[in-house]
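Here is the naming used below: chain letters follow the sequence lines, and residue numbers restart at 1 for every chain.
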Amino acid sequence: MAAGAQVGFAETVFAVVRGIPAGRVATYGDVARWAGSPGAARRVGWALNRSGGVEPPVPAHRVVNRWGGLTGAVHFPGPGGMEAVLAAEGVETEGGRVLHFAAVRFDPASDICTQRQGTKTT
DNA sequence: CATCTGACCTAGT
DNA sequence: AACTAGGCCAGAT
């Protein structure tokens, strides 16, 4: 505990990821941004890599990449584990990709579906 | 000890 | 509108 010992980056990431309700997903970039490092999306993945055995368990399966792809599915145990879990939470997935991604995307900064335009304008 | 990759994203050209 | 390059930190070889 040394003074100034701010919460580890991974801790913040875990906290944010744990803040994602079931049936909703978030992206690495956004999580990284909420964690305090807008460009360190890579670290988020690395942090989640260590999420195994952490208590309380971190729903890493709710974290997907920018296009809603289950990039980390390969790191999940069991056959089709990630999609199975997401399906159990109410998230539809197809071909290793999240359906209605923009609809299930969770924004801790907004609490709920406050879709902000900017990324996609058709 | 040095180098590279890694659950990626953002910005600039 | 698309592509390239850079960035971020740590673990692993």
Sequence-distant partners of A:T71, side-chain hydrogen bond (donor to acceptor under 3.5 Å, both in side chains), two or more places apart: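 Expected list: none.
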
Atom pair OG1 (A:T27) and CZ (A:F106), whose distance is rounded to the nearest 0.5 Å: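 Spacing of OG1 (A:T27) from CZ (A:F106) equals 12.0 Å.
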
A:L70 vs A:F76 side-chain heavy atoms within contact, under 4.5 Å: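 Not in contact.
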
Under 4.5 Å between any side-chain heavy atoms of A:V98 and A:W67, yes or no?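 Side-chain contact under 4.5 Å: no.
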
Helical stems, DNA chain B - three or more consecutive Watson-Crick or G-U wobble pairs below 3.5 Å: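 Stem segments, range with range: B:2-6 with C:9-13, B:8-13 with C:2-7.
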
Throw together a table of side-chain donor-acceptor distances under 3.5 angstrom for residues 52-62 of chain A, partners on residues two or more places apart or in other chains.
from	atom 1	to	atom 2	distance (Å)
A:R62	NE	A:E89	OE1	2.6
A:R62	NH1	A:I20	O	2.5
A:R62	NH2	A:E89	OE1	2.8
A:R62	NH2	A:E89	OE2	3.0

Students should find this one: the first and last nucleotides of DNA chain C, 5' to 3', lying under 4.0 Å from a heavy atom of chain A. What are they?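 The protein-touched segment is C:dG7 to C:dG11.
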
If the condition is side-chain contact (heavy atoms from CB on, under 4.5 Å), which residues does A:S37 pass it with, not counting sequence neighbours?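 With sequence neighbours excluded, A:S37 shows a side-chain contact (heavy atoms from CB on, under 4.5 Å) to A:F9, A:A40, A:R43, given in chain and number order.
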
Quick check: does any side chain N or O of A:T12 sit under 3.5 Å from a backbone N or O of A:G8, one acting as donor and the other as acceptor?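 Yes.
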
If I compare all heavy atoms of A:V31 with all of A:A26, which pair ends up nearest, and what's the gap?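 Nearest pair, atom of A:V31 first, then A:A26: CG2-CB, 4.0 Å.
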
Closest contact, heavy atoms only, A:Y28 versus A:V64: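 Residues A:Y28 and A:V64, closest heavy atoms: CD1-O, 3.1 Å.
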
Give me the distance, rounded to whole Å, that separates B:dT5 from C:dG6 when you measure between the C1' atoms they each carry.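 Nearest-Å result for B:dT5 against C:dG6 at atom C1': 16 Å.
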
Expected string for nucleotides 8-13 of chain B under the B/S/- scheme (protein heavy atoms, under 4.0 Å, primed atoms plus P, OP1, OP2 as sugar-phosphate) is BSS---

Of all pairs that satisfy side-chain hydrogen bond (donor to acceptor under 3.5 Å, both in side chains), the ones with a partner from residues 92-103 of chain A, not counting sequence neighbours: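 Matches after skipping sequence neighbours: A:E83-A:T93.
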
